[in-house]
Amino acid sequence: QVASFQGVAVRSLCTSAPHEHPEHGRLVYKGNLAKAVLGVRFFSYSTSIFNLFMMPYIMLKTGIGFESLLIQAAFYGLIGFFTFVTPVTLHILTKGYVIRLYYKDEMDTYTAITYNAILAEKATVFHQKDVKIPDITKMFTTFYAKTKSMLVNPTLFPNPQDFNHLMGYDKSFYFNLEEEKEAGERK
């Protein structure tokens with residue numbers, strides 16, 4: 001497919017429809033913060049790497065040295081905090097953010113695309129029956145897929161029925177009074 005943009009030919013290398021992915025299925029969700037999450041994590045990693053390489057140079061060239069062991073520990077602790085703790089914290093907070101979510105009708109499986117620790121895309125495949133909704137609303141968690149927490153924005157699903165099916169809201173509600181009575185008697 002070739003298109004013209006102000007006299008310059010632009011070629012698209014896309015081989016499938018924009019909402020279809022052969023191995024994953026139909027695209028049902030696309031997170032709007034994917035580029036922001038990637039950018040913040042990349043910036044954090046790059047500043048940490050820069051800090052690791054520049055600190056020895058700065059220490060040697062400027063002669064920064066402290067006589068007190070307590071002041072040295074505080075200084076290196078502060079540098080270490082921003083060098084190591086910030087990227088790790090960002091990874092923990094954003095590892096469950098779903099960039100894209102695909103659905104395969106014939107197998108009733110979902111494939112969630114997230115970023116891993118080295119900023120590569122990671123695919124997590126799960127069945128709808130593996131979805132667990134947390135009893136208490138948790139920050140950065142909409143549902144659990146098997147044991148992995150996932151974060152999606154329900155308003156970004158183009159078709160609300162896709163979100164309802166993912167969460168199991170389209171299933172009929174069954175309440176057995178006899179099972180509840182037996183469970184209460186066992187306690």
Side-chain angles (χ1 to χ4, degrees), residues 19-21 23-48 77-187:
H19 298 294
E20 291 290 328
H21 206 273
E23 66 262 14
H24 299 311
R26 176 177 56 94
L27 181 67
V28 294
Y29 172 82
K30 187 172 182 181
N32 62 349
L33 296 177
K35 287 187 179 183
V37 167
L38 181 65
V40 167
R41 286 179 63 184
F42 180 77
F43 179 74
S44 177
Y45 286 177
S46 61
T47 56
S48 292
L78 184 66
I79 297 300
F81 175 80
F82 288 110
T83 302
F84 298 109
V85 175
T86 305
V88 170
T89 303
L90 281 172
H91 170 68
I92 290 170
L93 293 177
T94 61
K95 70 180 177 181
Y97 182 75
V98 177
I99 303 164
R100 292 182 308 279
L101 185 68
Y102 297 95
Y103 177 65
K104 269 193 175 174
D105 292 322
E106 60 275 359
M107 299 174 70
D108 197 26
T109 57
Y110 289 90
T111 303
I113 308 295
T114 57
Y115 289 124
N116 64 11
I118 58 170
L119 303 180
E121 290 186 358
K122 176 184 173 187
T124 304
V125 179
F126 57 95
H127 194 276
Q128 194 281 324
K129 67 182 177 191
D130 297 329
V131 172
K132 303 283 186 261
I133 302 169
D135 294 333
I136 300 170
T137 304
K138 295 187 177 185
M139 190 180 299
F140 305 112
T141 303
T142 307
F143 64 92
Y144 291 100
K146 298 180 182 174
T147 57
K148 185 175 180 181
S149 67
M150 300 280 179
L151 176 65
V152 295
N153 184 348
T155 60
L156 295 179
F157 281 83
N159 184 357
Q161 291 304 98
D162 289 328
F163 178 73
N164 290 339
H165 183 70
L166 170 70
M167 301 299 278
Y169 297 152
D170 59 347
K171 293 181 181 174
S172 60
F173 182 70
Y174 177 73
F175 187 73
N176 190 346
L177 290 175
E178 291 178 19
E179 286 180 12
E180 288 296 317
K181 186 177 178 182
E182 290 174 9
E185 290 174 357
R186 281 186 242 145
K187 291 182 182 179

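FYI, side chains are in, hydrogens and waters are out, and symmetry mates aren't considered; it's all heavy atoms of this structure. These numbers were taken from a predicted model, which means no experiment stands behind them.
Here the side chain of Y97 pairs a donor or acceptor atom with the backbone of L33 at under 3.5 angstrom. At least one donor-acceptor pair under 3.5 Å links the side chain of S48 to the backbone N or O of S44. Under the 3.5 Å distance criterion, the side-chain polar atoms of T142 are matched with a main-chain donor or acceptor of V152.
N153 contributes atom CG, which lies 6.5 Å from atom CG of N32 (distance to the nearest 0.5 angstrom). Here the CD1 atom belonging to I113 is positioned 8.5 Å from the CG atom belonging to L101, to the nearest 0.5 angstrom. Here the CG atom belonging to N116 is positioned 10.0 Å from the OG1 atom belonging to T124, to the nearest 0.5 angstrom. For the atom pair I133 CD1 and L166 CG, the distance stands at 8.5 Å (nearest 0.5 Å). Taking OG1 of T86 as the start and CZ of R41 as the end, the distance is 13.5 Å to the nearest 0.5 Å. Atom NE2 of H24 and atom NZ of K104 lie 8.5 Å apart (nearest 0.5 Å).
By the 4.5 Å heavy-atom criterion applied to side chains, M150 and V131 are not counted as neighbours. The shortest distance between side-chain heavy atoms of V28 and N159 does not fall below 4.5 Å. Side-chain contact between Y29 and D162 is absent, with no heavy atoms from C-beta onward closer than 4.5 Å. You'll find the side chain of T94 stays beyond 4.5 Å of the side chain of Y115, heavy atoms only.
Nearest heavy atoms, P160 versus P158: CD-O, 3.7 Å. What you find for Y102 and G25 is that their closest heavy atoms are CD2-O, 3.6 Å. For the pair P134 and F143, the tightest heavy-atom approach, listed with the atom from each and the gap, is CD-CA, 4.0 Å. Among all heavy-atom pairs drawn from Q128 and M167, the shortest one is NE2-C, 3.9 Å.
Summarising the local packing, CD1 of I118 is surrounded by 12 or fewer heavy atoms from other residues, nucleotides or ligands at distances under 6.0 Å. Within a 6.0 Å sphere centred on NZ of K30, other residues, nucleotides and ligands contribute 12 heavy atoms or fewer.
Considering only residues two or more places apart in sequence or on other chains, F163 meets the ring-ring contact (aromatic ring centres under 6.0 Å, His included) condition with F157. Contacts of Y103 classified as ring-ring contact (aromatic ring centres under 6.0 Å, His included), with partners at least two apart in sequence or in another chain: Y110, H165.
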